[in-house]
Chemist: 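Please read through the structure below; I'll follow up with questions.
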2 protein chains.
Amino acid sequence: MPGKAHVTIQDIARKAGVGVGTVSRVLNDAPNVNPQTRQLVQAIMAEVGYRPRTAAQTLRTHKTHEIGFITDEIASTPFAVDVIRGAQDAAWAHGKILILINTNRNPDVLHAALETMLERQVEGIIYAAMFHQPVQLPITVCELPAVLVDCYVEDRTLPSVVPDEVTAGRLATATLIERGHRRIGFINNNEATPAAVGRLAGYRQALAEAGIPFDPLLLCPEASDPDGGYRSVQRLRQQPDPPTAIFCFNDRMAMGAYAALRDLKLAIPHDVAVLGFDNQEIIAANLRPGLTTMQLPHYAMGQWAIQYLVGEASEAENSHPPQVQLACPLVLRESV
Amino acid sequence: MPGKAHVTIQDIARKAGVGVGTVSRVLNDAPNVNPQTRQLVQAIMAEVGYRPRTAAQTLRTHKTHEIGFITDEIASTPFAVDVIRGAQDAAWAHGKILILINTNRNPDVLHAALETMLERQVEGIIYAAMFHQPVQLPITVCELPAVLVDCYVEDRTLPSVVPDEVTAGRLATATLIERGHRRIGFINNNEATPAAVGRLAGYRQALAEAGIPFDPLLLCPEASDPDGGYRSVQRLRQQPDPPTAIFCFNDRMAMGAYAALRDLKLAIPHDVAVLGFDNQEIIAANLRPGLTTMQLPHYAMGQWAIQYLVGEASEAENSHPPQVQLACPLVLRESV
DNA sequence: CTGTTAGCGCTTTCAG
DNA sequence: CTGAAAGCGCTAACAG
């Protein structure tokens, strides 16, 4: 007598003195079952610790309740986990489970990952990049519903959800303008990413709306780290008519800006207001004074991706794959 | 004629003029197949884009190649993703795929998650906590191989992998001693976690090994945030014989220590050396001078968990579940 | 080396 | 309301 075999629907059918069909029905909460019978069957199931085998159900129904989640690289940014969290929470709420594969930016792995997911018959695929960027994907993705998170394909043939960089840049700048500032410096990332381009557009838009002319002297493209922020502030403050407020591409640059301002004996926000981007708690909440900053909608993007995938069926072949932009909330602290 | 049905092994068998058995054999790289036949079959498979259905294989073989990964809460610490990365990379290397469920510390979700994984017949379960701690788990886990990451059960009945806090505390302190310091302050977390208790033990051990008497005045239990670090340094430096080196429970406290030292016009490391814990890049690499700190083996723990699960079969009912402690490497920068 | 034949455990008509 | 029967797509003997 080998190790105890798996308890099947047959076993419990026999013990209950009913047919397997009936057992299957109570298992799936089908309505047409005699309450008495149902109770009996359930009791026996509980007693023997019966557990349906997912593989068998899947083979029969062709429903896996799985969603593939592929990332280019999980690690890079600390808040990127929020995308996973958002997706995971939403998936669980919808009775779906997440299959996770990290490609480490390796095209071969990506290809294999896609293949694996196709073989598993996942119900949809989420491809998440760790920062807002255009991507190229093997066409295979098209074989089933897919959503891009924090990235998009140039030809827009795949649905995608990204942060609304322009509005965020505009909101950040407008916040500074509302505080009475007219000379607002923008320390931008010197790489032409969607984030840099979008936020700059938003910055100019806010300026225009307030009737403030754009001054190229106030724009500082730099390396997106603390040093870049430090150098930019030095440069900015050397000008004849220096900015009284500074909008930084990210919190790390803002960190450098704080250091530069301190070295220049300038008080925040009294002498110069500073506004960051990313809301990296470790920086934003711990800087003195607390850094006012914009928050990326990572959790919301992960959530949206799942919701789109789950609801997609009802939309039946929508003409254009949606290209959604999610708002970046302002996190107000004491630096403006 | 409905939407094209899935291409099965039967289809390709027919097209190739062979039996399904043969097709199955080439699919599984079985040795006993005529090279000619194999090529033919493979060609046809490629041509029609055949893809084996995982569910069918699983139902038949009872092998899922899945490993469940359960976390208590993904978000809290930014470096926690490294555990996932380590596990994911190792899993992929072993042909296993990860099923991810985040419980948000909800016992009901945990229970349901376990149930789901059992139904899926995962080959093993990893339960990862987001910081080193004892945990309680429903016994269900015992039904299949499980590994605890960054946590353990009090009775040690489940294998677990955690950071070697004692050795880390000893190494950190010894590093300071080597630099010639005799008065070494330890700003510890004021909660009695394994990390706090272990590192303190290591601190005392290193002191003892160097023949330096332990001075309770140099021990500062505090809230593990920048403010706690700031306050501690103020207190420590007020003493008649103040420490010339400070070991901080984490980088955030070290961040506060830097601020306090700056306010006291004390230079790092010239006047006072500072050593942190966690190697949170955003802090450690950006502080001036760069913070020397200890690194938690997150990636390695995730990796170890998978390797244990995969290799476990060969160990055949080992008497005691292993309780592994992984080393925390020292990351040398300029603060000591 | 290869075709045939049983099922894996479950769902789903189809008759009662 | 319920039992019986037919597979889902694949693997694994078992005879050739």
Side-chain angles (χ1 to χ4, degrees), chain A residues 2-42 44-45 48-66 115-116 118-123, chain B residues 2-42 44-45 48-66 115-116 118-123:
Chain A
K4 66 176 173 218
H6 182 82
V7 180
T8 77
I9 216 179
Q10 311 262 7
D11 298 326
I12 90 106
R14 197 178 318 118
K15 293 202 185 191
V18 301
V20 292
T22 302
V23 178
S24 175
R25 269 166 231 138
V26 342
L27 200 55
N28 296 286
D29 293 310
N32 48 342
V33 178
N34 181 307
Q36 308 273 321
T37 317
R38 181 186 304 270
Q39 280 219 333
L40 172 62
V41 172
Q42 285 175 331
I44 296 183
M45 282 179 164
V48 303
Y50 169 75
R51 207 168 269 138
R53 195 163 280 203
T54 308
Q57 297 180 136
T58 296
L59 179 57
R60 193 54 234 253
T61 63
H62 289 184
K63 299 197 64 50
T64 58
H65 303 293
E66 294 176 11
E115 198 59 29
T116 299
L118 254 11
E119 292 179 5
R120 302 191 65 91
Q121 309 265 112
V122 298
E123 298 179 351
Chain B
K4 65 174 173 221
H6 183 82
V7 179
T8 77
I9 216 179
Q10 311 263 8
D11 298 327
I12 89 106
R14 198 179 316 120
K15 292 202 187 192
V18 302
V20 293
T22 303
V23 179
S24 176
R25 269 166 233 138
V26 342
L27 200 55
N28 296 287
D29 292 310
N32 48 343
V33 179
N34 181 306
Q36 307 273 320
T37 317
R38 183 187 302 273
Q39 280 220 332
L40 172 62
V41 172
Q42 285 174 331
I44 295 184
M45 281 178 164
V48 305
Y50 169 75
R51 207 166 269 139
R53 195 163 279 201
T54 308
Q57 298 181 134
T58 296
L59 179 57
R60 193 56 233 253
T61 63
H62 288 182
K63 300 198 62 51
T64 59
H65 303 293
E66 294 176 11
E115 198 59 27
T116 299
L118 254 10
E119 292 179 4
R120 303 189 66 90
Q121 309 264 113
V122 298
E123 298 178 352

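Lettering follows sequence order; numbering is per chain, from 1. Note that these values count all heavy atoms, side chains included, but never hydrogens, waters or copies made by symmetry. What you are looking at is a predicted structure, and each value in this text was computed from that prediction instead of being measured.
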Chemist: Closer to the 5' end of DNA chain D via nearest nucleotide, is it Ile9(B) or Val20(A)?
Modeler: Val20(A)
Chemist: Whole angstroms only, please: what is the CE-P distance between Met45(A) and dG9(C)?
Modeler: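 Checked: the CE to P distance equals 15 Å.
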Chemist: Any donor and acceptor pair, going by atom type alone, linking the side chain of Thr22(B) with main-chain N or O of Val18(B) inside 3.5 Å?
Modeler: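 No, the answer is negative, given that no donor and acceptor are paired below the 3.5 Å cut-off.
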Chemist: Whole angstrom is fine here: how far is it from CD1 in Ile12(B) over to P in dG9(D)?
Modeler: 15 Å
Chemist: Please report the distance, rounded to the nearest Å, between CG in Asp29(A) and P in dT12(C).
Modeler: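 Atom-to-atom, Asp29(A) to dT12(C), this comes out as 13 Å.
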Chemist: Between Asn28(B) and Ala30(B), is there a donor-acceptor pair closer than 3.5 Å when you use the side chain of the first and the backbone of the second?
Modeler: no
Chemist: Mind calculating the distance between CZ (Arg120(B)) and C1' (dC10(C)) to the nearest angstrom?
Modeler: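 Atom CZ in Arg120(B) sits about 15 Å away from atom C1' in dC10(C).
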Chemist: Measuring to OP1 and OP2 of dT2(D), would you say a side-chain N or O of Thr22(A) lies under 4.0 angstrom away?
Modeler: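 No.
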Chemist: Closest to the Gln10(A) side chain: dG3(C), dC10(C), dC10(D)?
Modeler: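 Minimum distance to the Gln10(A) side chain belongs to dC10(C).
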Chemist: Is Gln57(B) near enough to dC10(D) that one of its side-chain N or O atoms lies under 4.0 angstrom from OP1 or OP2?
Modeler: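 The answer is no; no side-chain N or O of Gln57(B) sits under 4.0 Å from OP1 or OP2.
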Chemist: So, is Thr8(B) near the phosphate of dG9(D), with a side-chain N or O under 4.0 Å from OP1 or OP2?
Modeler: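 So the side chain of Thr8(B) is outside the cut-off, no N or O lying under 4.0 Å from OP1 or OP2 of dG9(D).
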Chemist: Given 3.5 Å as the limit, does a donor-acceptor pair link the side chain of His6(A) with the main chain of Pro52(A), or not?
Modeler: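 Side chain of His6(A) to backbone of Pro52(A): no pair is present.
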Chemist: Kindly say whether Glu119(A) contributes a backbone atom to a donor-acceptor pair with the side chain of Thr54(B) at under 3.5 angstrom?
Modeler: yes
Chemist: What is the distance, to the nearest angstrom, from the CG atom on Asn28(A) to the P atom on dT12(C)?
Modeler: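 Computing the Asn28(A):CG to dT12(C):P distance gives 7 Å.
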Chemist: Scan Thr61(A) against the nucleic acid and name what it touches under 4.0 Å (heavy atoms): base, sugar-phosphate only, or nothing.
Modeler: sugar-phosphate
Chemist: Separation of Lys63(A) atom NZ from dT11(C) atom P, in whole Å?
Modeler: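 Whole-Å distance recorded here is 13 Å.
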Chemist: Within this structure, what is the CG-to-C1' distance between Asp11(A) and dC10(C), rounded to whole angstrom?
Modeler: 13 Å
Chemist: Counting heavy atoms from C-beta on, name the nucleotide in dG3(D), dC10(D), dT11(C) closest to the side chain of His6(B).
Modeler: dC10(D)
Chemist: Let's see if you can work this out: which of dT2(D), dC10(D), dT2(C) has an atom nearest to the side-chain heavy atoms of Thr37(B)?
Modeler: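 Of the options given, the side chain of Thr37(B) lies nearest dT2(C).
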Chemist: Measuring from the side chain of Val18(A) (C-beta onward, heavy atoms only), which nucleotide among dG3(D), dT11(D), dC1(C) has the closest atom?
Modeler: dG3(D)
Chemist: Does Ala55(A) offer a backbone N or O that forms a donor-acceptor pair with the side chain of Thr58(B) under 3.5 Å?
Modeler: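 No, because the side chain of Thr58(B) does not come within donor-acceptor range (under 3.5 Å) of the backbone of Ala55(A).
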Chemist: Do Arg60(A) side-chain and dG9(D) base share a donor-acceptor contact under 3.5 Å?
Modeler: no
Chemist: Does dT2(D) have its OP1 or OP2 closer than 4.0 Å to a side-chain nitrogen or oxygen of Asn32(A)?
Modeler: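 Answer no for this pair, as no side-chain N or O of Asn32(A) is under 4.0 Å from OP1 or OP2.
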Chemist: Does a side-chain N-to-carboxylate-O contact under 4.0 Å join Arg120(B) and Glu115(B)?
Modeler: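 No salt bridge links Arg120(B) with Glu115(B).
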Chemist: Nearest to the side chain of Val33(A), heavy atoms from C-beta on, is which of dC10(C), dC10(D), dT2(D)?
Modeler: dT2(D)
Chemist: Atom CZ of Arg25(B) and atom C1' of dA13(D): how far apart are they, to the nearest Å?
Modeler: 10 Å
Chemist: Of Val23(B) and Tyr50(A), whose closest DNA chain C nucleotide lies nearer the 5' terminus?
Modeler: Val23(B)
Chemist: When you get a sec, tell me which of dC8(D), dC8(C), dG3(C) is the closest nucleotide to the side chain of His62(B)?
Modeler: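 Closest nucleotide to the His62(B) side chain: dC8(C).
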